[in-house]
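Naming convention: chains lettered A, B, ... in sequence-line order (proteins, then strands); numbering from 1 in each chain. Keep in mind it's a predicted model, so treat the numbers as computed, not measured.
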There are 2 protein chains.
Amino acid sequence: MKPDAHVDDSAESLEDALVRIAYYVVGMLTRVGAENDLSLTQLRVLGILRDRRGRVTDLAAYLGLDKSTMSGLVDRAERRGLLARDRNPEDGRVVDVFATPEGVELAHRLLSQIRRELAPWLEPLAPEQRAQLAGLLRPVVDEAERLTIRSVRGGR
Amino acid sequence: MKPDAHVDDSAESLEDALVRIAYYVVGMLTRVGAENDLSLTQLRVLGILRDRRGRVTDLAAYLGLDKSTMSGLVDRAERRGLLARDRNPEDGRVVDVFATPEGVELAHRLLSQIRRELAPWLEPLAPEQRAQLAGLLRPVVDEAERLTIRSVRGGR
DNA sequence: TATTGTTATACTCTATAACTATA
DNA sequence: TATAGTTATAGAGTATAACAATA
């Protein structure tokens with residue numbers, strides 16, 4: 001670990017490239033969300049609940065948010081008809097959140113649009129290079145996930 | 001909550017991997033910012049102004065924000081002693097924003113910490129693989145930048 | 001007239017603390 | 001007592017519209 005890594009700006013590190021691509025991706029996601037009147041967080045919640053239900057606390061933990069924040073997010077999405085709540089029959093304290101048909105429909109459209117927005121960024125790479133990039137990125141994403149400690153209890 | 005809830009499907013695409021890694025990176029940046037009482041946006045502004053000055057409008061354009069939003073961000077950072085404003089001598093309408101010595105110092109510390117946080121994610125890759133990943137990521141980042149049309153004058 | 005920046009306003013996002021209901 | 005969720009509160013982030021100062 002070189003302590004003065006920040007001093008050397010001439011050679012860009014892989015770490016810096018990851019930060020930069022992250023900013024571009026999130027910028028695109030924010031724009032796509034805004035075009036559909038969704039914040040980045042709402043976009044993400046909708047994506048998560050596209051094909052499963054989740055408890056308020058689990059969703060909050062997964063997103064790294066407080067449960068009260070999650071409550072508000074679900075409130076607003078519910079008011080817009082994108083999400084809905086169910087009392088959990090097995091535990092009266094629990095509230096299961098899920099996407100309405102409109103929510104699911106919107107989530108699918110958003111997912112397609114996001115992939116379409118991202119595709120042109122990969123144009124400079126040949127097909128074999130894309131496969132190579134995917135293969136190299138996968139272990140990094142997996143490790144990031146592993147190291148990102150957040151109580152993730154059984155969704156479904 | 002299952003980890004890659006927001007993407008899906010049997011065969012994960014490279015596009016999905018980019019979205020996932022972006023969420024993890026931004027999650028880490030948000031956490032590092034929070035540990036220093038900075039929002040993700042403030043963290044980014046400070047990073048940008050670490051080694052240059054910029055006009056309010058240019059900064060806003062670069063970040064994809066309204067100039068009024070930028071005004072507020074600078075207000076709060078100025079109140080904390082991290083940023084400061086200068087009247088531009090050549091054009092009386094323009095306000096140049098720059099980091100104070102404290103701001104520069106904090107920005108350097110944050111940059112180091114961010115690189116330190118990211119490094120472990122790359123552990124699964126051998127040194128040659130990291131070089132390979134960096135080489136494949138670079139054209140993608142460059143293309144993302146090229147396609148992300150935002151008038152960026154002065155600064156970078 | 002056009003541009004630069006600020007202010008007023010109205011949201012959303014966010015966490016903390018206090019609360020209710022259930023276990 | 002402990003857990004799940006909501007509500008009250010306060011502050012930050014955000015855009016739109018109106019404004020002042022300068023060009």
Side-chain angles (χ1 to χ4, degrees), chain A residues 26-27 29-46 53-80 82-98 150-151 153-155, chain B residues 1 26-27 29-31 33-46 53-80 82-98 151-155:
Chain A
V26 166
L29 292 174
T30 302
R31 177 173 52 73
V32 169
E35 289 168 4
N36 292 273
D37 283 302
L38 290 173
S39 71
L40 181 63
T41 308
Q42 294 278 10
L43 182 81
R44 200 175 175 193
V45 171
L46 197 57
R53 357 179 97 212
R55 319 175 158 204
V56 172
T57 298
D58 288 346
L59 287 166
Y62 179 60
L63 295 172
L65 300 171
D66 190 84
K67 56 187 179 167
S68 65
T69 300
M70 202 63 232
S71 251
L73 286 166
V74 174
D75 277 350
R76 289 182 289 275
E78 193 172 31
R79 233 176 286 135
R80 288 185 52 181
L82 300 175
L83 299 182
R85 284 180 236 237
D86 255 354
R87 216 75 222 190
N88 185 307
E90 282 150 30
D91 186 334
R93 298 169 300 182
V94 171
V95 168
D96 291 321
V97 185
F98 60 98
R150 267 176 197 155
S151 60
R153 296 181 24 210
Chain B
M1 257 328 74
V26 165
L29 293 173
T30 302
R31 177 173 52 74
E35 287 168 6
N36 292 274
D37 283 303
L38 291 173
S39 71
L40 181 64
T41 309
Q42 293 277 9
L43 181 82
R44 199 175 176 194
V45 171
L46 198 57
R53 358 178 96 213
R55 319 174 159 204
V56 173
T57 298
D58 288 346
L59 287 167
Y62 182 61
L63 295 173
L65 300 172
D66 190 85
K67 56 189 178 165
S68 66
T69 301
M70 202 63 231
S71 250
L73 287 165
V74 174
D75 277 350
R76 289 182 290 273
E78 193 173 30
R79 233 177 285 135
R80 289 186 50 181
L82 300 176
L83 299 182
R85 283 181 237 237
D86 255 355
R87 213 77 224 187
N88 186 308
E90 283 150 29
D91 186 333
R93 298 170 298 181
V94 171
V95 169
D96 291 320
V97 186
F98 59 99
S151 61
V152 177
R153 298 191 13 222

Could you work out, with side chain to side chain contact (heavy atoms under 4.5 Å, CB included) as the rule, every residue matching [X], not counting sequence neighbours?
X: A/Asp96; result: A/Arg53, A/Arg55, A/Asp86, A/Asn88, A/Val94
X: A/Arg79; result: A/Asp75, A/Arg76
X: A/Arg93; result: A/Asp91
X: A/Thr41; result: A/Ser39, A/Val45, A/Leu65, A/Leu73

Inset, instruction - Determine, for nucleotides 9-16 of chain D in 5'-to-3' order, which nucleotides have protein heavy atoms under 4.0 Å from the base (write B), from only the sugar-phosphate (write S), or from neither (write -). - result: ---SSBBB

Specify the separation, in whole Å, of atom [atom1] of [X] and atom [atom2] of [N].
X: A/Met70; N: C/dA15; atom1: CE; atom2: C1'; value: 15 Å
X: B/Asp37; N: C/dT16; atom1: CG; atom2: P; value: 11 Å
X: A/Arg44; N: C/dC13; atom1: CZ; atom2: C1'; value: 15 Å
X: A/Arg55; N: D/dT6; atom1: CZ; atom2: P; value: 13 Å
X: B/Asn88; N: D/dA21; atom1: CG; atom2: C1'; value: 14 Å

Inset, instruction - Could you tell me which non-hydrogen atom of B/Met70 sits nearest to which non-hydrogen atom of B/Val56, and how far apart they are? - result: CG-O, 3.6 Å

Legend entry - Minimal non-hydrogen separation, A/Arg80 against A/Asn36, with atom names: NH2-O, 3.4 Å

Legend entry - With A/Glu35 via side chain to side chain donor-acceptor pair (under 3.5 Å) - residues at least two apart: A/Arg31, A/Gln113

Inset, instruction - Applying side chain to side chain donor-acceptor pair (under 3.5 Å), name anything that partners B/Ser71, two or more places apart in sequence or on another chain. - result: none

Identify each atom pair where a protein N or O and an N or O of nucleotides 20-23 of chain C are less than 3.5 Å apart, giving names and distance.
residue: C/dT22; atom: O3'; partner: A/Gly92; partner atom: N; Å: 3.4
residue: C/dA23; atom: OP1; partner: A/Gly92; partner atom: N; Å: 2.9

